[in-house]
Amino acid sequence: MLFRALFRINLVYWSEAGYFDTSAYNKWFLHTWSLSVEWQFYLLYPLLLIAINRYFGPKSFFLCLFLLAVTSFLFSCFSTNIDSNASYYLLPTRAWEMLLGALAYEVRVSRTQKIQRATSTFGLFLIVISVFSFSKDTPWPSFDTLLPSLGTYLVLVSNRQSGAICENKVIQFIGSSSYSTYLWHWPIVVIITSLNFGPFGYIISLILSFSLGALSYFMIEKPSNFLTVRKAVLSFIIITGAFTLLNSARFRQFSEVWVSIEQTTERKKIQCYTFKGNICKYQPNENNLSFAVIGDSHATMFHPVLST
């Protein structure tokens, strides 16, 4: 929690990446790495603007920010091939994405509806292509990352206030509550994944993420709704109850794993590095199993103490 408070949790997850890294689906707050990167950027960005203004003048803002964004982007593409974990988690290789937002503020697109519509439509087109063409194996960040990032940039600079998408109340609400939804989505994904719902897990995760995101938005974020004691208590009860139910289901699943270990007829007394399916394969003729050590090499080192 200290590293999250100091906006350094991205450094922690980067240092954990590799041999000692646990599955991403076991890290409840993995998504907070991006919040740390953003805050690091927000703390440095004003100093950057002051330096540009002092040494190059305010008219050089766009050019300097553009050059920095291009440099960061090219560096991220190069770094991903050398150290993908560092490239993913660290600010220098992710700064260009936030600098695009800064460039969007500096750009003034023509106010004619025709140009705004064309710019916005093309940007949405790039985003939709990204949704359907990318997979978990897509390198990130890389040249592929430019596709949704540039699409978002074009939507922003178009500044389009009308149209079927921009005026859609549902889409507007999703955008307004997106920050709360983001904070909820990954803990929910971790829990739902551990419960092995299969394809339905995606649907359940979406419903829970949007529902809890909307709840947080109305009760915490929305300026017109002050967080009264009553609302705070109600939110705490709902959130705690939801996580309690999901966690109880998760522990029941762990109990099923333990039962499958107890019922197996093949047991090994010292170590178990051979697996048959999802069940650890033990040596036979050991019918007095009293405990099982589940884990990686860190868990293995406790076996001699437990077996005495």
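Ring geometry, Phe218 versus Phe173: the interplanar angle falls under 30°, so the pair is classed parallel (tilted spans 30 to 60°). Aromatic ring pairs are classed by plane angle as parallel below 30°, tilted from 30° to 60° and perpendicular above 60°; the pair Phe62 and Phe66 is parallel.
When all heavy atoms of Ile129 and Ser133 are compared, the closest pair comes out as O-OG, 2.6 Å. Across Leu65 and Ala102, no two heavy atoms sit closer than the pair CD1-CB, 4.1 Å. Residue Ile52 comes nearest to Cys64 through the heavy atom pair CD1-CB, 3.6 Å, listed as atom of the first residue, atom of the second, then distance. The shortest non-hydrogen separation linking Leu126 to Ser130 is O-OG, 2.8 Å. Here the closest non-hydrogen pair linking Ala104 and Leu156 is CB-CB, 4.1 Å. Nearest heavy atoms, Val155 versus Ser120: CG2-O, 3.9 Å.
Note that CG of Leu124 is 9.0 Å distant from OG1 of Thr152, once rounded to the nearest 0.5 Å. Atom-to-atom distance recorded for Glu97:CD and Ser76:OG is 7.5 Å, nearest 0.5 angstrom. For the atom pair Thr181 OG1 and Ile174 CD1, the distance stands at 8.0 Å (nearest 0.5 Å). To the nearest 0.5 angstrom, Leu103 atom CG is 11.5 Å from Trp96 atom CH2. Between Leu154 atom CG and Leu100 atom CG the span is 9.5 Å, to the nearest 0.5 Å. Remark: Leu208 CG to Ile188 CD1 distance equals 5.0 Å, nearest 0.5 Å.
If you chain together hydrophobic residues whose side chains sit under 4.5 Å apart, Ile191 and Tyr202 never meet in one group. Leu48 and Phe75 are assigned to two separate hydrophobic clusters, defined by single-linkage of ILVMFWY side chains at heavy-atom distances under 4.5 Å. Hydrophobic clustering keeps Leu206 apart from Ile171 (ILVMFWY residues linked when any side-chain heavy atoms are closer than 4.5 Å, directly or through intermediates). Under the 4.5 Å side-chain contact rule for hydrophobic residues, Leu67 and Leu74 share a cluster. Residues Phe143 and Val70 fall within the same hydrophobic cluster, defined by Ile, Leu, Val, Met, Phe, Trp and Tyr side chains chained together at heavy-atom separations under 4.5 Å.
Between Trp140 and Phe134, a ring centre-to-centre spacing shorter than 6.0 Å is recorded. Between Phe210 and Trp184, a ring centre-to-centre spacing not shorter than 6.0 Å is recorded.
Residues Leu91 and Met98 are in side-chain contact: their nearest non-hydrogen atoms beyond the backbone lie under 4.5 Å apart. Two residues are said to be in side-chain contact when any heavy atoms from C-beta on lie closer than 4.5 Å; Ser209 and Tyr182 fail this criterion. Two residues are said to be in side-chain contact when any heavy atoms from C-beta on lie closer than 4.5 Å; Trp28 and Trp186 fail this criterion. Side-chain contact between Leu146 and Phe73: present, with at least one pair of heavy atoms (C-beta onward) separated by less than 4.5 Å. A 4.5 Å side-chain heavy-atom check between Tyr153 and Val107 finds at least one atom pair inside the cut-off. You'll find the side chain of Pro187 stays beyond 4.5 Å of the side chain of Val190, heavy atoms only. Taking the side chain as every heavy atom from C-beta outward, Gln116 and Thr119 never approach each other to under 4.5 Å. Between His185 and Leu212 the shortest side-chain heavy-atom distance does not fall below 4.5 Å.
The closest donor-acceptor contact from the side chain of Thr93 to the backbone of Leu90 lies under 3.5 Å. Formation of a donor-acceptor pair under 3.5 Å by the Thr121 side chain with backbone atoms of Ala118 is not found in this model. Remark: side-chain polar atoms of Ser216 are not paired, donor with acceptor, to backbone N or O of Ser180 under 3.5 angstrom. At distances below 3.5 Å, at least one donor-acceptor pair connects side-chain atoms of Thr138 with backbone N or O atoms of Ser135. Using a distance-only test at 3.5 Å, with no hydrogens or angles considered, a donor-acceptor pair links the side chain of Arg94 to the main chain of Tyr88.
Side-chain contact of Tyr89 with Ser36: a donor-acceptor pair under 3.5 Å is absent, judged by distance alone. For the residue pair Thr80 and Ser87, a side-chain donor N or O sits within less than 3.5 Å of a side-chain acceptor on the partner.
Other residues, nucleotides and ligands contribute only 12 or fewer heavy atoms inside 6.0 Å of the CZ atom of Phe122.
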**Request:** Could you check Thr32 against Tyr13 for side-chain contact (heavy atoms from CB on, under 4.5 Å), going step by step and ending with a plain yes or no?
**Result:** CA-CA 10 Å; Thr32 58; Tyr13 287 133; 4.1 Å; yes
**Request:** Could you check Ile50 against Tyr45 for side-chain contact (heavy atoms from CB on, under 4.5 Å), going step by step and ending with a plain yes or no?
**Result:** CA-CA 9 Å; Ile50 292 173; Tyr45 185 62; over 6 Å; no
